[in-house]
Visitor: 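Let me begin by handing over the structure; questions about it come next.
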Amino acid sequence: MDPRRASRTVSDPKIRQVGFFAPPPDRSLSGPPDPVSTSTPNPANAPSSPPISDLSPSGTSLSPVMIPPPRHSSDTTHRPAPFPPASPLRRDTLSLTVGSYNNNIISSSPTASFYDESKGISVKVSPTSAASSFPGGGFDLTAVKAKTIVEKVGGSVEMQNDLPANSKPLKERTSKAERRALQEAQRAAKAAAKGSKLPATTSGAVASANAKPTKATKPPSQKNDCATVTSSEKKGGDRPPEKDRKKDAPHPRMQYDDKSRVEKAKRRAVVKQTEARNRVELFRHLPQYEHGTQLPDLESKFFQLDPVHPVVYKVGLQYISGDTSGGNARCIAMLQAFQEAIKDYSTPDEKTLTRDLTAKINSYVSFLNECRPLSISMGNAIRFLKNQIAKLPLTLSESEAKTFLQSDIEQFINEKIILADKVIVKHAVTKIRDGDVLLTYGSSSAVEMILLHAHELGKQFRVVIVDSRPKLEGQLLLRRLVGKGLSCTYANINAVSYIMHEVTRVFLGASSVLSNGTVYSRVGTACVAMVAHEFRVPVLVCCEAYKFHERVQLDSICSNELGDPDAISKVPGREDINYLDGCTNSENLQLLNLIYDATPSDYVSMIVTDYGMVPPTSVPVIVREYCRDQVWV
Amino acid sequence: MWWRSASFILDQRHVEDPPNDVASSSKEPDTLSTLSPPQTYSSFMAAADPFNPIPNPKISAYYQTRAAHTAVVTSDWLAQAQAAVGHHPDDSQAPQTQLLASPSASGKSFCVINEFNNWRKQPDLAEAVAAIRALAAVIRASEATTMMELEIELKKASDSLKSWDTTSISLTAGCDLFMRYVTRTSALEYEDFNSARSRLIERAEKFGEISCKARRIIAMLSQDFIFDGCTILVHGFSRVVLEVLKTAAQNKKLFRVFCTEGRPDRTGLRLSNELAKLDVPVKLLIDSAVAYTMDEVDMVFVGADGVVESGGIINMMGTYQIALVAHSMNKPVYVAAESYKFARLYPLDQKDMAPALRPIDFGVPIPSKVEVERSARDYTPPQYLTLLFTDLGVLTPSVVSDELIQLYL
């Protein structure tokens, strides 16, 4: 709609993408300037695979080589792989991989669209020109090497590894010819792999992750990565500095209804989770686990998980146990954990800080994501952090760089979350008049601050708190508000249509606001907003701008989070009404406990954000003007 | 009698008003003059009197100016008003209010508000443009020697202008825009203060010119939407809408215009008057006949006092209901508004604005227990508007916020 904004998905419109999209792997490669900056899973890999990490981001060689290595550093972190004996071959195979992978890309996508960062325009280029158009592509040596090798072998060893991740999405959107090319490439890769099956790590420990025997281990790792990273990166994918758009766009989040891939992912996962059995048909693509299975397992593994920084580990546990919940709280906890982790970080020998640290962060992110799927706001924050890491001047010493990053994180927390909330409160309070009856749903930190501030200002108003099972978060809010002397009414969501007629304003929090104005928030919000709309009561959504996302979502199905199904089937402390006891495992009962829902923008009168009060139609403007390139601060 | 009417502010403007208008208005003078409360006179005089810059706070200065510029006012009323000048209640207030205003002038002989009032009296000059001119005059008259000083002075001046009439959206928006436009400039990087200053003045003048041209641009843009044989409903008096219709008439388009009466200041009469001069077929409706005639109407054209962040408009009372009727009958509602009327406001509903009050005379005495709704304007939400014609182009309501964000953030 807006020519200034590059559309995210250039690909076949027929395919509906489901879930959070992670950037396609190659995006990270795209910019030599900051290959790591993009939040793709790959950047992480880059450092871990020695050949690639060696590459310097300079020079103008052909792009093919710049494709990310299939492996993820997270692999290493998750399970220490047996180190195959180092062999000189290793290097070759790796570069080979890269080259071949790229090769494959070119064959499969005849045109590549580049995203021009500065102009925000995506341009389609033919592969050849694309290659040359990479800004200052480095990798000269490797590139050459890779090319030659590719030519020689005609296939890539690791092709395969990449494919599991990409093949599925590709399958859906590529043409027949492209698919055939892909298959051929795969076959070739297999053949090649057989030949060079003795992969070795060049640099011992560092490469450990990569070192895994190419075939068996890698595919799962790859797979898992995309699953984990995708959600975290949902945001991340948006603005590739410049890269093959076609590849980019459709990198869907892992679909949990794909059995084989889930299996593989599970093998790699740190957090062992048991899948819930009876899942509702429409929501099979979302991860759902038996509640309470992860925690003990994770605790028992505490000493084996050395790659995860203890602070991050702690935050992860808090996510699982639900001690930290709420968009801002989770995001701040995560950022502060990263801050700690950065403080304790030291760059290993033969590595560059930007790459290795990004890999580290990626592994943390995937760990956290296993604990609980990341929210969109966290994805944005991660994207910001990675961008900052990538933008670090090379001249900085390690300690300086660390200080920089820590203060960047600090600044993000202060400006984008804490200050933003203050600004939101300032704006929203102007919309509260004496005699108003304000309705809020659930518990939103921003709304709470608004209500308290309005109360401090001496405005005379009443609050209606609407709540719903199973979380009953509204009770907490109610308790705090009543404690401060506000006059409150508490109602369940069942009563919302009754209570609405006396309400003059509805204030809602949001987990995220998408660029079509859809508000993604705690389940039940859409219902409240709809009733309010029907009663012509203005609905104000209070949301910090760092939660805005340029994705568009039309329903609550394609991306959501599933909670513990037991929570809705059982009422704690009410033995007399637990009618479902013993039925929960029957084949013909499916319990659905959604965590979020999507409120259409029609129901929203205004979005109060740190850039002022804007209509929902202006979300894309803010995303375009301020969230571009993740220059949040 | 009529020919003397509104001229107490507009001088010879109405001298050439054709007599047909007199017929419609001449029946009322007596009732009007006897019934309108004394407040009215004084407030009108307040608006007219440059030495009394703060108007009666109960009455929107903006709507006074509008009424003065565009409404049908009888000469008897004027006569009485003049008689009332000697002892009107504002007199006692005046010294204090003068004090209030004076800090902005801070002892200097120059006063923004007086300047503004001078500009404001030009009938063709929009309030925002007048404000911009007044602010430009501030720069010119300023004795500041540094950029900072000048900026502070400007800020003060614009604040005092804004607080002088809080009900005028375009005044506020014009001041804000000007501050943005002037301070967001490379002029501030000039090392030499004088060159920077002259650059600011230049900018101010350019801005004033742009604003003046806006109406022409809008008129040109809207021509594509007026087709031969169409019937246009207009509400109240808007200079932009008049310009649009004038241009259409000049382009030999054949169309018919329905004018609402535009109570209480009956601005619609004036518009019909102007249109009749252009030989455009006009029909006058009372305000309540809008729904009755809507099926004949092809499009609704309204002006705006302010365009708000949501893309809705704030305009003369009655616009909302016309838009509702038009919407329910699937007729397009077009708004003609200059971009300096874009304001960073976001009313959620009708009452969510600073009220702009104005006197209303009902022609008969109102019993003392009866309350009168005196609000002068209403808010039309964006979903009832089809397009906005602005000097930035033809916009959908949602683009307004886009432009505002780019302007102000």
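Please read these numbers as outputs of a predicted model, since none were measured by experiment. First the proteins, then the strands, lettered A, B, ... as listed; each starts at 1.
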Visitor: Is chain A contacted by the side chain of B:Asp349, its backbone, both, or neither, given a heavy-atom distance below 4.5 Å?
Guide: side chain
Visitor: Go through the atoms of A:Arg505 and report whether side chain, backbone, both or neither lie under 4.5 Å from a heavy atom of chain B.
Guide: side chain
Visitor: Looking at side-chain heavy atoms only, is the closest gap between A:Val423 and A:Glu544 below 4.5 Å?
Guide: no
Visitor: Are any side-chain N or O atoms of A:Arg433 and backbone N or O atoms of B:Lys351, one a donor and one an acceptor, separated by less than 3.5 Å?
Guide: yes
Visitor: Mind checking whether A:Tyr611 and A:Tyr626 have parallel, tilted or perpendicular rings, split at 30° and 60°?
Guide: parallel
Visitor: For the residue pair B:Phe389 and B:Phe301, categorise the inter-ring angle as parallel (less than 30°), tilted (30 to 60°) or perpendicular (more than 60°).
Guide: tilted
Visitor: Counting only heavy atoms closer than 4.5 Å, note whether B:Pro397 contacts chain A via side chain, backbone, both or neither.
Guide: neither
